[in-house]
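Below is one structure, written out as structure tokens; the observations come after it.
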Protein chains: 2
Amino acid sequence: MLSKAVENYLKAIFSLSEEGNDNVSTNSIAKKLNTKASSVTDMLRKLTSKSLVNHEKYKGVSLTTKGKKLATNIVRKHRLWETFLVDKLHFNWDEVHDVAEQLEHIKSDKLVTLLDEFLGNPKFDPHGDPIPDEFGKFPTSNSTPLSNLKEGDKGIVMGVSQDNSTFLKFLDKIDIKLGNLILVKDIIEFDSSVEILINNKESHISLEVARNILVKQK
Amino acid sequence: MLSKAVENYLKAIFSLSEEGNDNVSTNSIAKKLNTKASSVTDMLRKLTSKSLVNHEKYKGVSLTTKGKKLATNIVRKHRLWETFLVDKLHFNWDEVHDVAEQLEHIKSDKLVTLLDEFLGNPKFDPHGDPIPDEFGKFPTSNSTPLSNLKEGDKGIVMGVSQDNSTFLKFLDKIDIKLGNLILVKDIIEFDSSVEILINNKESHISLEVARNILVKQK
DNA sequence: CAAATAATTTAGTCTTGCCTAAAAATAAAT
DNA sequence: ATTTATTTTTAGGCAAGACTAAATTATTTG
Ligand SMILES: [Mn+2]
Ligand SMILES: [Mn+2]
Ligand SMILES: [Mn+2]
Ligand SMILES: [Mn+2]
């Protein structure tokens, strides 16, 4: 039975290898988990001995098939619980991440299966992140960052690539939520910031924000 | 923030002091938590330093007001989660205890409040155990062990005083579930075992079983 | 009441997961 | 190609929580 610490390391390595190159660095893991590089090295030795990662000294680390399967299952649980909290308990989308960080470690296959069913086998969580199925397969979403659209383009909000609470609260304020239609009114050349229209409401967002909003172009 | 271990000790001490005398013994805690007496002594020192228990060497232990409040809240969470698992996810009542043992340690006041609401503020869990409210107040249930009834008496099943899975599965087999009506047909003098009728189905149960079924006499 | 038994506490270890400081390896810069 | 800076690993420790064995205190029993 995997400890909570081991599960968090697997999840961190998984998400880091998604967003970048195959071999994840010790430092990047330490940063993601708010820990020290030396602690990471310690843990990598343990993960290696459990055949969950391949680690060559000084060369970074990658998940084994077994490690990837386990990591995916934790992501699945995290996103199912977030969906439960928002859809059933009516949490706001900026409040669920920390609670889901705890719930994802509950060990019961039956619980996951029944929860999934109870929620109607959702494909995406409240932030638009894909929920892998019981075999670890992720649904695909043909969405692109809002920052890729041109002036005059329209897009439907499909998700966000940050679950930071301040970011999400800001989106709430300017009416950005999943399913809403965004019109790109203007792109300011100077700093690539974007003027948008949602529900007849104009807003001005930075490039950084636009990069973290995922839309399906219409 | 309390560790899982601390919470489990508090809960154990709470339940032991409910069912017996005020001062709980080291050995009884060790037995309940499947650990060794020496480990219990270690932990009692820690709990004492946190003002969660009063412990006089060799004289047993009791919860402080603070300790009792925290223990009650864990019981509350355990029973709310059991209710969720049975009512919403359709677990059987013999399958929920171990999962609830994990879920009870999730830390989020908002989660508890919203879960309670989502479940319709239940007063009793799937085993008939009372669920304390947010202030720690337990609802009262005027139920009595089935073993207290006389021949010819009738009673409605209000709960059980065991969440052991084999015991609950046995009850399933003879149609004993919350709300069902039991008629006491005969009490065998020799061993005080009981012949009962439920849903026109006759069963013969031991005194030990009868003691663990709680009914409201009709 | 003394002797035997049972319960509890203490002493000394172990594992997990984390830390700091120092050493070693790799990457970047002159 | 050295020197410098960065990254990673090692060495040594700490706290929580558990264990075994031994010592101490309480309780029974003859
Ligand atoms: Mn999240
Ligand atoms: Mn999410
Ligand atoms: Mn239970
Ligand atoms: Mn229960």
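First the proteins, then the strands, lettered A, B, ... as listed; each starts at 1.
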Under 3.5 Å, side-chain donor or acceptor atoms of residues 10-23 of chain A against the rest of the protein: list the pairs with distances, not counting sequence neighbours.
{"from": "A:K11", "atom 1": "NZ", "to": "A:E101", "atom 2": "OE1", "distance (Å)": "3.3"}
{"from": "A:K11", "atom 1": "NZ", "to": "A:E101", "atom 2": "OE2", "distance (Å)": "2.9"}
{"from": "A:K11", "atom 1": "NZ", "to": "A:E104", "atom 2": "OE1", "distance (Å)": "3.2"}
{"from": "A:K11", "atom 1": "NZ", "to": "A:E104", "atom 2": "OE2", "distance (Å)": "3.0"}
{"from": "A:S15", "atom 1": "OG", "to": "A:K32", "atom 2": "NZ", "distance (Å)": "2.6"}
{"from": "A:S17", "atom 1": "OG", "to": "A:I13", "atom 2": "O", "distance (Å)": "2.8"}
{"from": "A:S17", "atom 1": "OG", "to": "A:F14", "atom 2": "O", "distance (Å)": "3.0"}
{"from": "A:N23", "atom 1": "ND2", "to": "A:K59", "atom 2": "O", "distance (Å)": "2.8"}

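Taking the salt bridge (Lys or Arg N to Asp or Glu O under 4.0 Å) definition, one finds that B:D163 meets it with nothing, sequence neighbours left out. Not a single salt bridge (Lys or Arg N to Asp or Glu O under 4.0 Å) links B:K69 to another residue, sequence neighbours left out. Considering only residues two or more places apart in sequence or on other chains, A:K107 meets the salt bridge (Lys or Arg N to Asp or Glu O under 4.0 Å) condition with A:E7. For A:K4, there are no salt bridge (Lys or Arg N to Asp or Glu O under 4.0 Å) partners two or more places apart in sequence or in a different chain.
Applying the side chain to side chain donor-acceptor pair (under 3.5 Å) test to residues at least two apart or on different chains, none of the pairs has a partner in residues 44-56 of chain B. Residue pairs meeting the ring-ring contact (aromatic ring centres under 6.0 Å, His included) criterion with at least one partner in residues 57-100 of chain A, sequence neighbours excluded, are A:H78-A:H97, A:W81-A:F84, A:F84-B:F84.
The minimum heavy-atom distance linking A:P122 with A:L80 is given by the pair CG-CD2, 3.9 Å. The two residues A:A30 and A:A37 come nearest to each other via the heavy atoms CB-N, 3.7 Å.
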Please evaluate residues A:N164 and A:L168 with respect to the criterion side-chain contact (heavy atoms from CB on, under 4.5 Å), reporting the C-alpha separation (whole Å), side-chain torsions for both, the decisive distance (0.1 Å), and the verdict.
CA-CA 6 Å; A:N164 178 282; A:L168 296 174; 6.0 Å; no
Before giving the answer on side-chain hydrogen bond (donor to acceptor under 3.5 Å, both in side chains), spell out for A:T83 and A:D87 the whole-Å C-alpha distance, their side-chain angles and the decisive distance to 0.1 Å.
CA-CA 6 Å; A:T83 306; A:D87 285 8; 5.7 Å; no
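When the options B:T72, B:D129, B:D133, B:I131 are evaluated for a side-chain contact (heavy atoms from CB on, under 4.5 Å) with B:F138, the one that passes is B:T72. With B:L146 as the partner, the side-chain contact (heavy atoms from CB on, under 4.5 Å) test is satisfied by one option alone out of B:L207, B:I213, B:V160: B:I213.
The stretch residues 2-25 of chain B touches DNA chain D through B:S3, B:A5, B:Y9, each having a heavy atom under 4.0 angstrom from the strand. The stretch residues 28-44 of chain B comes close to DNA chain C through B:A37, B:S38, B:T41, each having a heavy atom under 4.0 Å from the strand. Near DNA chain D, defined here as any heavy-atom distance below 4.0 Å, the residues from residues 55-62 of chain B are B:Y58, listed numerically.
A cation-pi contact, defined as under 6.0 Å to the ring centre and within 45° of the axis, is absent between A:K88 and B:F118.
Within a 6.0 Å sphere centred on CG of B:D109, other residues, nucleotides and ligands contribute 12 heavy atoms or fewer.
Here the range on DNA chain C touched by chain B, meaning any atom under 4.0 Å from one of its heavy atoms, is C:dA7 to C:dT10. In summary, contact between chain A and DNA chain D, defined as any nucleotide atom under 4.0 Å from a heavy atom of the protein, begins and ends at D:dT7 to D:dT10 in the 5' to 3' direction.
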